[in-house]
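Order of listing sets the numbers, starting from 1, for every ligand and every atom in it. Fair warning: this is a prediction, and the values are worked out from it, not measured in the lab.
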Amino acid sequence: MNPSATISNISGLARKAQAAILPTRRDIRFDLPAEHIADWNKGSVHLSQFMNTLSIFFPVGERFFIDAVRQYRDRITDPELQKAVTAFIGQEAMHGREHEEYNELLFARVPEAAQVERFVFALLENLKKLPPRMRLSATIALEHFTAILANELLSEPRVLENAEPRFARLWRWHALEETEHKAVAFDVWDTVMGRGTGAYLERTGGLVLATVIFWSIAIPAYLAVIRREGRLTDLKGWRFFFQHSFTKVPFFPRLLRPYLDYFRRDFHPWDHDNRHFLDEIDSTLGELRPAA
Ligand SMILES: [Fe+2]
Ligand SMILES: [Fe+2]
């Protein structure tokens, strides 16, 4: 079989799946309880602060994604993809706004977290000097990363089990919307870059670089937050965190395979077909009050 025919078939199927899933911008507020910022997940400071550390990256990161996709907006002629891009921008803007409020609670308690945000902001400002295609490559890499994290969060009930309900809803909302729009930036990339060898190398190189840069900031940031909490030598806390993340609930080991799928030549985000989670959106979000 002609390999390019296979790729275009898969891509066509994936586009069809995406056409059926048009993301929706939802204006929702969460009123997070400040007193639980450090222990909202199962009372574990290590677990809660790990997820809080991820939250530091969202507002600045998501603005970077919006700008990267926006630069290619006028190259999109497919009306469905145009609508999806508008919804993608709307969703990421709402995520940024809610995580900004979330992060304010964290920054008030842990000043180091605010320093990390300033560092990431400065880094991303520098990355804006790169050619637009490199910024889009970084965006689709990090969207892949958030999509597989979101899938794991939605598939494994133990991740948010016994979590403070408002924090749990915020994370579920973000995970559902990340799932809903997971292919939008990727389809923009496909449309403007195509499926040639150069595009493949730029796309996969983007994931390698984004992974290295992200964890080389996130791990020291997390340790700084835990140090500020005075929990660096709390062995019981660490044991719980590692059991939850690697063994008992093997959150991270389960990410490896879907992470590596990105290196398949014909990869498309909807190859991981988890559309069934989107059926939950209205029931999960229905109980949240709309923004005033
Ligand atoms: Fe987001
Ligand atoms: Fe996203």
Side-chain angles (χ1 to χ4, degrees), residues 14 17-18 21-30 32 51-73 76 81 83-103 106 117 120-121 124 127 135-154 159-160 167-190 203 206-207 210-211 213-214 218 255 258-259 262 267-272 274-275 277-278 280-281 284-285 288 291:
Q18 150 121 41
I21 302 162
L22 184 63
T24 308
R25 173 187 174 277
R26 300 175 183 86
D27 190 353
I28 299 172
R29 291 195 180 266
F30 293 86
L32 300 173
M51 294 181 77
N52 294 348
T53 302
L54 297 182
S55 176
I56 300 172
F57 291 82
F58 288 134
V60 283
E62 290 175 327
R63 271 199 293 277
F64 179 88
F65 301 165
I66 289 171
D67 290 344
V69 169
R70 207 179 250 148
Q71 289 196 90
Y72 286 99
R73 212 175 189 174
I76 307 299
L81 188 52
K83 275 191 235 162
V85 164
T86 302
F88 167 84
I89 291 171
Q91 286 192 337
E92 295 294 32
M94 290 296 107
H95 302 168
R97 184 190 73 187
E98 289 311 299
H99 278 274
E100 246 164 37
E101 283 191 13
Y102 182 135
N103 294 349
L106 177 63
E117 191 197 48
V120 176
F121 175 77
L124 293 176
L127 291 183
R135 292 158 59 185
L136 189 59
S137 152
T139 297
I140 59 171
L142 290 162
E143 281 286 285
H144 175 60
F145 205 62
T146 48
I148 62 174
L149 281 171
N151 182 61
E152 192 53 33
L153 188 142
L154 296 169
V159 174
L160 292 173
F167 279 97
R169 278 193 215 115
L170 180 143
W171 281 99
R172 227 170 251 133
W173 161 73
H174 198 165
L176 285 165
E177 292 199 347
E178 285 303 322
T179 303
E180 206 175 32
H181 75 225
K182 68 178 176 174
V184 176
F186 193 97
D187 283 342
V188 171
W189 172 270
D190 252 1
R203 171 170 76 77
L207 184 64
T211 304
I213 293 171
F214 175 76
L255 293 176
Y259 173 85
Y262 196 80
F267 174 77
H268 184 278
W270 283 115
D271 294 345
H272 298 151
N274 57 355
R275 272 174 287 180
F277 290 127
L278 301 178
E280 297 170 22
I281 279 198
T284 304
L285 303 180
L288 299 170

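Of all N, O or S atoms in His174, the one lying closest to the Fe ion (ligand 1) is NE2. His181 contributes NE2 as its N, O or S atom closest to the Fe ion (ligand 2). Nearest N/O/S atom of His95 relative to the Fe ion (ligand 1): this is ND1. Distances from the Fe ion (ligand 2) to each N, O or S atom of Glu92 single out OE2 as the nearest. With respect to the Fe ion (ligand 1), Glu62 has OE2 as its nearest N, O or S atom.
The aromatic rings of His144 and Tyr259 lie tilted to each other, with the angle between the two planes from 30° to 60°.
Taking 2.8 Å as the criterion, Glu177 does not count as a coordinating residue of the Fe ion (ligand 1), since none of its N, O or S atoms falls below it.
In the displayed structure, Phe121 atom CZ is contacted under 6.0 Å by at most 12 heavy atoms of other residues, nucleotides or ligands.
The distance between the ring centers of Tyr102 and Phe58 does not fall below 6.0 angstrom. Residues Phe267 and His272 place their aromatic rings such that the two centres sit under 6.0 Å apart.
Remark: at the Fe ion (ligand 2), atom OE2 from Glu178 and atom OE1 from Glu143 enclose 150°, rounded to the nearest 10 degrees.
Side-chain contact of Glu92 with His181: a donor-acceptor pair under 3.5 Å is present, judged by distance alone.
Listed by chain and number, the residues in a side chain to side chain donor-acceptor pair (under 3.5 Å) with Trp189 amount to none (sequence neighbours excluded).
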